[in-house]
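Worksheet for the structure shown next.
The analysis underlying the following values was restricted to heavy atoms, covering all of them including side chains, and did not include hydrogens, waters or symmetry mates. Since the structure is predicted, the reported quantities are computational estimates derived from the model, not experimental observations.
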Amino acid sequence: MSNRTTKSNSGVRSQPKMKNPLPSFARPDSRGRLSLHEFPRTKVHMGKGIRVATRRLPSLLESAKGALAIPLCFAVLCSSLPAQQAQPSDYTFRVQSDLVLVNVTVRDKSGNFVRGLKPEDFTILEDNKPQKVVSFDVEDVDAVANQAVAQTRALANAPVQPATPTASAPVSSAENEFKDRRLIILFFDLSAMEPDEIDRAITSAAHYVDTQMAPADLVSIVSLGSSLLVNQDFTSDRDLLKKQILAFGEGAGQGYEEGTTGTTEGTPDTGQPFTADDTEYNIFNTDRRLEALRSVAEKLSHVQVKKSLIYFSSGMDRTGIENQSELRAATNAAVRANMAIYTMDLRGLQALVPGGEAQNASMRGTSVYSGQSMISALNSNFTTQETLVTLASDTGGRAFLDSNDFSQVYRGVQQDTSTYYLLGYRSTNPARDGRYRRIAVKVSVPGVKIEYRRGYYAPADYQHSTKEDKELQLEQELASELPSTDLPLYLSTAYFRQEPNKYLIPISLAVPGWEIPFVRSSDRDKATLDVIGMVLDSEKHPITRIRDTVKLAVDTTSEVQKKNVQYDTTLSLPPGKYHLKFVVRENQTGRMGSFETDLTVPDLKSQPMKISSIVLASQVQPAKKSSTENPLIHDGSEIIPSVTHVFSANQHLRLYYEVYDPGHATAQASEEKSDKGGIRLLSNVSFFRGTAKVFESSLVEVTELSARDRKAGVFQLDLPLTSLKPGFYTCQVNVIDDAAGVFAFPRVALLIRQPAAIASR
């Protein structure tokens with residue numbers, strides 16, 4: 001969230017026209033198509049929160065420099081997380097066998113596939129130790145007769161079984177069905193494309209089906225709009241594929257979500273007073289796309305042959321604020337499922353014109369004359385393509401960028417998956433430590449080029465681990481670049497000024513309550529959660545660590561399953577850029593979830609209006625201990641921040657924010673006198689749906705410093721949501737410093753859902 005300030009003597013200006021900030025949540029599909037996941041996966045249960053434990057942990061800097069204070073709390077509350085319903089989740093990859101499968105492509109100097117090799121021609125090394133080849137097969141799509149496959153159920157009915165069965169296991173019907181077949185998934189990311197880009201994707205895919213599709217090709221169609229849908233399972237029926245591809249042209253576009261970032265410099269002058277900041281919306285959409293790719297990979301883990309996913313999009317921007325674990329989780333899931341991702345930038349070959357396109361208005365600011373606007377355009381184009389390149393290179397695919405020849409991606413997929421050897425071996429390393437194991441393959445034929453995956457992550461057995469091993473597992477997960485996402489985890493941060501060079505950072509971690517397994521002990525259900533976290537500075541040096549074990553004890557498990565467990569802590573940091581990573585583990589099955597993100601603590605000295613973060617909440621709980629340092633604790637009560645900004649229509653929305661060093665009506669007043677009064681801060685809240693303002697609260701006035709130790713005027717607004725219809729809203733907080741003549745318009749996104757009793761009817 002960024003704050004925009006403008007000199008004014010007249011107050012709040014009109015809201016500009018905005019792009020659609022967020023796609024709608026999943027709705028029932030009129031065509032009856034299968035939905036793998038609905039994004040966000042939300043089930044809202046409203047109720048009163050329950051305080052479980054409160055404690056304080058010392059930090060490294062607190063003992064060394066006295067700069068960090070970390071009070072901790074853990075609560076069970078109804079924070080409305082994006083989570084699935086309390087039921088068994090969809091198929092999740094689990095390694096239950098020591099059999100490791102490796103795809104190997106052997107080519108001669110001319111690039112032709114080398115045929116006729118036998119198992120004894122291959123040597124496999126794992127961590128430099130020889131392995132015995134126990135299974136061997138050749139996938140040769142050129143040997144497939146022209147035999148049509150009406151439709152399979154590979155995506156619809158993924159079996160819950162080990163992804164790598166033992167060598168003695170019988171060959172399943174699915175393996176026979178896909179033998180010597182080329183499996184291609186056409187993934188249309190409708191949430192990331194403009195209408196003209198969707199048209200190019202449709203034309204490209206239809207041309208492939210008509211002219212390039214080979215007899216061995218089994219093609220499925222998946223789309224991501226308001227939900228992740230399997231439009232068509234694997235089939236060789238061209239008519240079925242064409243029907244689904246052309247259906248995307250019927251108003252299926254969900255684009256426009258990549259909005260502006262709040263700055264007017266180098267943007268077209270449309271006459272609007274300021275530019276909206278849609279950064280938070282873009283973060284949400286980036287994570288949901290990566291989670292969708294991971295879901296497809298996990299659904300196809302039971303199919304051993306190589307899969308190729310062609311990802312149609314217009315780039316994928318990563319600001320560094322979103323959960324960076326999602327990118328590595330998506331690539332690792334694809335590697336485990338033997339699925340290569342081929343990314344295609346549907347923007348094609350772009351001509352970036354200095355000064356902007358002819359149909360746009362003239363650029364604001366001076367960057368168009370200094371060349372900075374051209375550099376910004378090039379950087380923006382590069383960052384949206386960089387993630388596409390990462391997805392492709394890390395999964396064994398290729399990225400197709402800056403080209404109007406969209407047919408080359410299909411030729412590349414067909415060439416890469418025409419013929420390959422499928423080798424299997426049982427690892428001689430029995431340790432189930434979850435560590436990365438490197439694979440090397442050698443061939444007795446000289447002068448050939450070998451292509452294969454370079455390694456895999458070993459399985460981990462939690463129940464048989466010692467206490468030291470479990471602690472080491474947490475440490476390794478915290479240090480690992482490979483994230484763990486078995487346990488859903490969500491994080492939010494804020495900042496409040498304590499001193500000119502010291503800011504309090506409230507951090508909230510939330511886990512869906514139904515994800516936590518409880519065991520019955522005496523007359524109570526009990527569970528424990530381990531929490532570990534680390535903060536790095538801009539030079540990647542560790543600043544502080546957090547380690548805690550929290551014990552939960554409730555009368556009935558359903559008490560927690562209908563709610564969410566939230567963990568709150570605070571840090572004291574100077575202004576700067578930081579990187580946060582947290583890991584939470586439930587200690588019954590050992591499932592872990594990680595969340596990492598970049599954090600920027602602003603230096604408010606140079607800003608005309610010095611305003612804190614906007615904290616949204618629906619609950620206030622009694623605080624066990626009053627704190628003058630934490631602004632969210634006062635008068636014996638504690639505000640519990642909402643992590644995901646999801647509320648029920650029968651709740652009250654509470655907003656908390658502070659304005660520092662406000663202007664005074666009498667400029668000559670002494671500092672001691674001005675602290676007692678003389679300020680005039682005005683604020684209210686506006687709610688927008690799209691471009692239309694649907695609600696505006698009454699004006700609140702602050703005439704004295706509420707927190708004199710921080711020199712801050714405090715706003716605490718309490719708004720009932722009964723008058724707002726369920727749906728997405730842009731909440732704009734209007735803040736005016738009447739004495740100083742400045743104002744700001746920070747904006748946050750929120751979702752209002754129907755009350756549970758009404759929604760269940």
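- For Phe647 and Tyr729, the ring centers sit 6.0 Å or farther from each other.
- Atom-to-atom distance recorded for Leu717:CG and Leu616:CG is 10.5 Å, nearest 0.5 angstrom.
- We find the CG-CD1 distance between Leu599 and Ile507 to be 7.0 Å, quoted to the nearest 0.5 Å.
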Notebook entry, point to check: Yes or no on side-chain contact (heavy atoms from CB on, under 4.5 Å) for Glu701 and Arg680, after CA distance, side-chain angles and deciding distance?
Noted result: CA-CA 7 Å; Glu701 182 177 0; Arg680 189 167 188 263; 3.1 Å; yes

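- For Gly663 against Asp737, the heavy-atom pair with the smallest separation is N-OD2, 2.8 Å.
- Under the side-chain contact (heavy atoms from CB on, under 4.5 Å) criterion, Ser697 pairs with Asn684, Val685, Phe695, Leu719, not counting sequence neighbours.
- Side chain to side chain, Gln566 and Asn564 fail the donor-acceptor criterion of an N or O pair below 3.5 Å.
- Across all non-hydrogen atoms, the minimal contact from Met609 to Ile736 is CE-C, 4.0 Å.
- Shown here are the side-chain contact (heavy atoms from CB on, under 4.5 Å) partners of Pro720, two or more places apart in sequence or in another chain: His652, Thr722.
- The closest side-chain heavy-atom distance from Pro631 to Val615 is not below 4.5 Å.
- Closest non-hydrogen pair, Ile633 versus Ala623, comes out as CG2-CB, 3.8 Å.
- In this structure, the side chains of Val511 and Leu529 stay at 4.5 Å or more apart for every pair of heavy atoms.
- Using a 4.5 Å heavy-atom threshold, the side chains of Leu750 and Phe687 count as touching.
- Taking each heavy atom of Ile505 and Ala494 in turn, the nearest pair found is CG2-O, 3.2 Å.
- Contact between Leu681 and Gly713 at its shortest, heavy atoms only, is CD1-CA, 4.1 Å.
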Checklist line | Met592 and Leu474: CA distance, side-chain angles, deciding distance, side-chain contact (heavy atoms from CB on, under 4.5 Å) verdict | finding: CA-CA 9 Å; Met592 292 190 294; Leu474 278 176; 4.0 Å; yes

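- For Arg654, the salt bridge (charged side-chain N to carboxylate O under 4.0 Å, His left out) partners two or more places apart in sequence, or in a different chain, are Asp718.
- Between Lys725 and Val694 there is no side-chain heavy-atom pair separated by less than 4.5 Å.
- The shortest side-chain heavy-atom distance between Tyr656 and Pro641 does not fall under the 4.5 Å cut-off.
- Scanning all heavy atoms of the two residues, the minimum distance from Ile611 to Tyr660 falls at C-CE1, 4.3 Å.
- At least one side-chain heavy atom of Leu705 sits less than 4.5 Å from a side-chain heavy atom of Pro662.
- Tyr578 pairs by the ring-ring contact (aromatic ring centres under 6.0 Å, His included) definition with nothing, not counting sequence neighbours.
- Atom CD in Glu696 sits 6.5 Å away from atom CG in Asn734 (nearest 0.5 Å).
- Taking CG of Leu580 as the start and CG of Leu571 as the end, the distance is 6.5 Å to the nearest 0.5 Å.
- Phe582 pairs by the ring-ring contact (aromatic ring centres under 6.0 Å, His included) definition with nothing, not counting sequence neighbours.
- In this structure, the side-chain contact (heavy atoms from CB on, under 4.5 Å) partners of Asp525, at least two apart in sequence or on a different chain, are Phe518, Arg520, Val554, Thr557.
- Residue Tyr567 forms a side-chain contact (heavy atoms from CB on, under 4.5 Å) with just one option from Val584, Leu491, Asp548, Leu489, and that option is Asp548.
- Looking only at distances, a side-chain donor or acceptor of Ser594 sits under 3.5 Å from a matching main-chain atom of Ser484.
- Between Asp661 and the choices Arg497, Arg708, Lys711, the salt bridge (charged side-chain N to carboxylate O under 4.0 Å, His left out) rule is met once, by Arg497.
- In terms of the side-chain hydrogen bond (donor to acceptor under 3.5 Å, both in side chains) criterion, residue partners of Arg585 (sequence neighbours excluded) are, by chain and number, Gln473, Asp530, Asn587.
- Considering only heavy atoms from C-beta on, Lys577 stays 4.5 Å or farther from Asp598 through its side chain.
- By the ring-ring contact (aromatic ring centres under 6.0 Å, His included) test, Tyr503 is found to be paired with no residue, residues two or more places apart in sequence or in another chain being considered.
- With hydrogens and angles disregarded, no donor-acceptor distance shorter than 3.5 Å links the side chain of His579 to the backbone of Leu536.
- In this structure Ala707 satisfies the side-chain contact (heavy atoms from CB on, under 4.5 Å) test together with Asp709, Arg710, Ala712, Val714, sequence neighbours excluded.
- Without hydrogens or angle criteria, Gln651 side chain to Ser648 main chain gives a donor-acceptor distance under 3.5 Å.
- The line from OG of Ser683 to CD of Gln716 is 12.5 Å long, rounded to the nearest 0.5 Å.
- Under the rule for a salt bridge (charged side-chain N to carboxylate O under 4.0 Å, His left out), the partners of Arg524 that lie at least two apart in sequence or sit in another chain are Asp555.
- The side-chain hydrogen bond (donor to acceptor under 3.5 Å, both in side chains) check on Asn501 picks up Lys605, with sequence neighbours excluded.
- To the nearest 0.5 Å, atom OG of residue Ser612 and atom NZ of residue Lys610 are 13.5 Å apart.
- For Glu499, there are no salt bridge (charged side-chain N to carboxylate O under 4.0 Å, His left out) partners, not counting sequence neighbours.
- A heavy-atom distance below 4.5 Å is found between the side chains of Pro506 and Phe496.
- A donor-acceptor contact shorter than 3.5 Å is absent between the side chain of Arg689 and the backbone of Gly727.
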Check: Do Ser191 and Arg288 pass the side-chain contact (heavy atoms from CB on, under 4.5 Å) test, and can you show the C-alpha distance, the side-chain angles, and the key distance before you say yes or no?
Finding: CA-CA 10 Å; Ser191 69; Arg288 69 192 292 267; 3.7 Å; yes

